[in-house]
Protein chains: 2
Amino acid sequence: MPKRIPVAPESTRCSTCMLSELCLPLGMARDDVAKLDELIKERIRIPKGSALFHLGEKTEAVYGIRSGSLKTQLEDASGQIQITSFLLPGEIVGMDGLLDNVHLSHAIALEDSEVCIIRIDEMDELARHLPVLQQQLRRLMSKEIGRSHQLVMALGALRSEQRLAAFLVNLSQRLSALGYSASEFILRMSREEIGNYLGLTLETVSRLFSRFARENLIRVRQREVHILDMHGLQALAGTDCG
Amino acid sequence: MPKRIPVAPESTRCSTCMLSELCLPLGMARDDVAKLDELIKERIRIPKGSALFHLGEKTEAVYGIRSGSLKTQLEDASGQIQITSFLLPGEIVGMDGLLDNVHLSHAIALEDSEVCIIRIDEMDELARHLPVLQQQLRRLMSKEIGRSHQLVMALGALRSEQRLAAFLVNLSQRLSALGYSASEFILRMSREEIGNYLGLTLETVSRLFSRFARENLIRVRQREVHILDMHGLQALAGTDCG
DNA sequence: CGGGCTCTTGAATCACTTCAACGCTGGTGG
DNA sequence: CCACCAGCGTTGAAGTGATTCAAGAGCCCG
């Protein structure tokens, strides 16, 4: 388990960060975002495959993803694992640990990544003079609840092909919001991880990719995905019907 | 859809409420709980089958359940429904609407129920003089995230019998925390609702109840459940291994 | 005492998993 | 530079857990 590496802070602050439309500052006034510069003073580099935090560790902060991507996963008493999210830049990780300040999940980097540390005690301190900050965290937590509920819906109500279609559409939209192509991207997770996330086996996921390709919905080459028929995918996922 | 009925406030306040160990005041100092009395000034009676709120409605408050029980359910564009929680007294409902102050789910009473209104704007106001209150809501939201993740785990990683066993154990524990019997209780939801929640059909749920009864894990008569072998159920659910 | 739910149970079917074999790819060392 | 190996991905065939379809029983309410 490689260690966390603090990063010199001079480089980038919230006020100058490209992600400030999405991350903690989401929807905040320009002046208020500038005040976040005194909150976000440290970052951490996480090498691919290593953990930002583990289940059971003390929660002292939540983290805004600056670059790279992570997964979070639960682990039960028998060692069974369930991935509960794949996280992209601008998204916040660690909010499940704020009940008793103990992490309930593992957060693991899918590639070399960097996260900004948002210390909870310092955030409370700053929030005295910047009440909007509490509302901000509240909104982000509400977003996380909604995201998790969507996953419950996928697992409880959708069939395998719909789950994978919804997964691809969702990923595409999030990457698009970051300024990347909505139709061409590289998956940072394995078939097995996708399967675990969607409650399927890796074989089923693989077969579905092949089938989607056969039906000209997508083109796949290993982890490289081209979406050819976004409308068709959305129809499959059941998330269109506008 | 019967309307909401405000209830005279003189009756009960947080400071005298039986549920103050569980609800919003969870873990707060006695003096601080007393200050909540100026926040919780209204309650709502919700008749069985009617809604506390609907998807798409504006979110101005979250609600602490005072008596009865509710379900929350998502509904997608095609009308497909997924129940995401069953809520008991002392639990908070409506926190998924705090992203854009629009509810993302329906909340429907499973029996005649009563909820306390926690207006968000008034809570923010009170929190200026009572900072612990923000932390309180944050903890409750974190709890909701954890709860939803547990459901994801059940849907993604457990087989039908494990899901139902986990469901029963969980319900038993929550009822027990409210002072009710852990081994005998009445289900307030139908087989179909349980099935929807657990990603199963009502027939599968019914068969599992019969099988659990045959294996002397429980006794069932309609919605009346006696747990005969809690340890066996926990083993099935995979949540023991202590 | 119907009549409409909810629940139970059985038989047939199906979606997904399991088991198994093979292919691709990228890194390593001879 | 190529051979080799390990990990990841693909594909097929057999198996199975849960669903679907269907019929009937039990229960509650007017």
Side-chain angles (χ1 to χ4, degrees), chain A residues 47-49 71 80-83 108 110-112 154-168 186-215 217-226 236-238, chain B residues 47-49 71 80-83 108 110-112 154-168 186-215 217-226 236-238:
Chain A
K48 173 175 179 172
K71 64 174 172 179
Q80 174 89 273
I81 281 185
Q82 173 68 44
I83 296 174
I108 297 166
L110 295 174
E111 60 191 310
D112 290 356
L155 293 173
L158 303 188
R159 289 185 303 102
S160 62
E161 56 186 24
Q162 301 180 292
R163 290 185 209 177
L164 187 64
F167 171 76
L168 290 172
I186 307 286
L187 299 171
R188 306 257 93 121
M189 66 294 284
S190 68
R191 301 287 189 268
E192 177 161 27
E193 287 169 324
I194 296 172
N196 181 291
Y197 179 69
L198 296 176
L200 304 168
T201 59
L202 68 97
E203 292 96 329
T204 299
V205 173
S206 178
R207 275 184 251 271
L208 287 170
F209 271 120
S210 301
R211 197 172 107 206
F212 285 179
R214 214 178 309 126
E215 295 168 348
L217 291 165
I218 62 175
R219 279 205 308 126
V220 198
R221 236 183 70 92
Q222 299 294 122
R223 298 194 179 183
E224 193 183 323
V225 175
H226 287 227
L236 238 187
Chain B
K48 173 176 179 172
K71 64 175 173 179
Q80 174 89 272
I81 281 186
Q82 173 67 45
I83 296 174
I108 297 166
L110 295 174
E111 59 191 310
D112 289 355
L155 294 173
L158 303 187
R159 289 182 306 102
S160 62
E161 57 187 23
Q162 300 180 292
R163 291 185 209 177
L164 187 64
F167 171 75
L168 291 172
I186 307 285
L187 299 171
R188 308 255 90 121
M189 67 294 283
S190 68
R191 301 287 189 269
E192 178 160 27
E193 287 169 324
I194 296 172
N196 181 293
Y197 179 69
L198 296 176
L200 304 169
T201 59
L202 69 97
E203 291 97 327
T204 299
V205 173
S206 178
R207 275 184 251 271
L208 287 169
F209 271 119
S210 301
R211 198 172 105 207
F212 285 179
R214 214 177 308 127
E215 294 167 351
L217 291 165
I218 62 175
R219 279 205 307 124
V220 199
R221 234 184 71 93
Q222 298 295 124
R223 299 193 179 183
E224 193 183 323
V225 175
H226 288 227
L236 238 187

How many Å lie between [atom1] on [X] and [atom2] on [N], as a whole number?
X        : N      : atom1 : atom2 : value
B:Leu187 : C:dT8  : CG    : P     : 10 Å
A:Glu224 : D:dG9  : CD    : P     : 14 Å
A:Arg191 : D:dT11 : CZ    : P     : 10 Å
A:Arg223 : C:dT25 : CZ    : C1'   : 12 Å
A:Lys48  : C:dG27 : NZ    : C1'   : 12 Å
A:Glu192 : C:dT18 : CD    : C1'   : 14 Å
B:Arg188 : C:dT6  : CZ    : P     : 16 Å
B:Met189 : C:dC7  : CE    : P     : 11 Å

Q: Sugar-phosphate means primed atoms, P, OP1 and OP2; the rest is base. With that split, encode nucleotides 15-24 of chain D 5' to 3' as B, S or - using protein heavy atoms under 4.0 Å.
A: ---SBBB---

Q.
Whether B:Glu215 and B:Arg211 form a salt bridge (side-chain N of Lys/Arg under 4.0 Å from carboxylate O of Asp/Glu) is what I want to check.
A.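 Salt bridge between B:Arg211 and B:Glu215, a charged N being under 4.0 Å from a carboxylate O: yes.
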
Q) Taking 4.0 angstrom as the limit, do B:Lys48 and B:Glu111 come out as a salt bridge? A) no

Q: Return no unless some side-chain N or O of A:Arg221 is found under 4.0 Å from OP1 or OP2 of D:dG9.
A: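 So the side-chain polar atoms of A:Arg221 never come under 4.0 Å of the phosphate oxygens OP1 or OP2 of D:dG9.
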
**Q.** N/O (side chain, B:Ser210) to phosphate O (OP1/OP2, C:dT9) under 4.0 Å
**A.** yes

Q.
Once rounded to the nearest 0.5 Å, what's the spacing between atom CG of A:Leu168 and atom CD1 of A:Ile218?
A. 6.0 Å

Q) B:Leu187 and B:Arg191: which non-hydrogen atoms are nearest, and at how many Å? A) CD1-NH1, 4.0 Å

Q) Between A:Glu193 and A:Lys71, which heavy-atom pair has the shortest distance, and what is it? A) OE2-NZ, 2.8 Å

(Q) Taking ring-ring contact (aromatic ring centres under 6.0 Å, His included) as the definition, give me every residue that meets it alongside B:Phe212, ordered by chain and number, with sequence neighbours left out. (A)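 Testing B:Phe212 for ring-ring contact (aromatic ring centres under 6.0 Å, His included), a comparison that skips the adjacent residues, returns none.
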
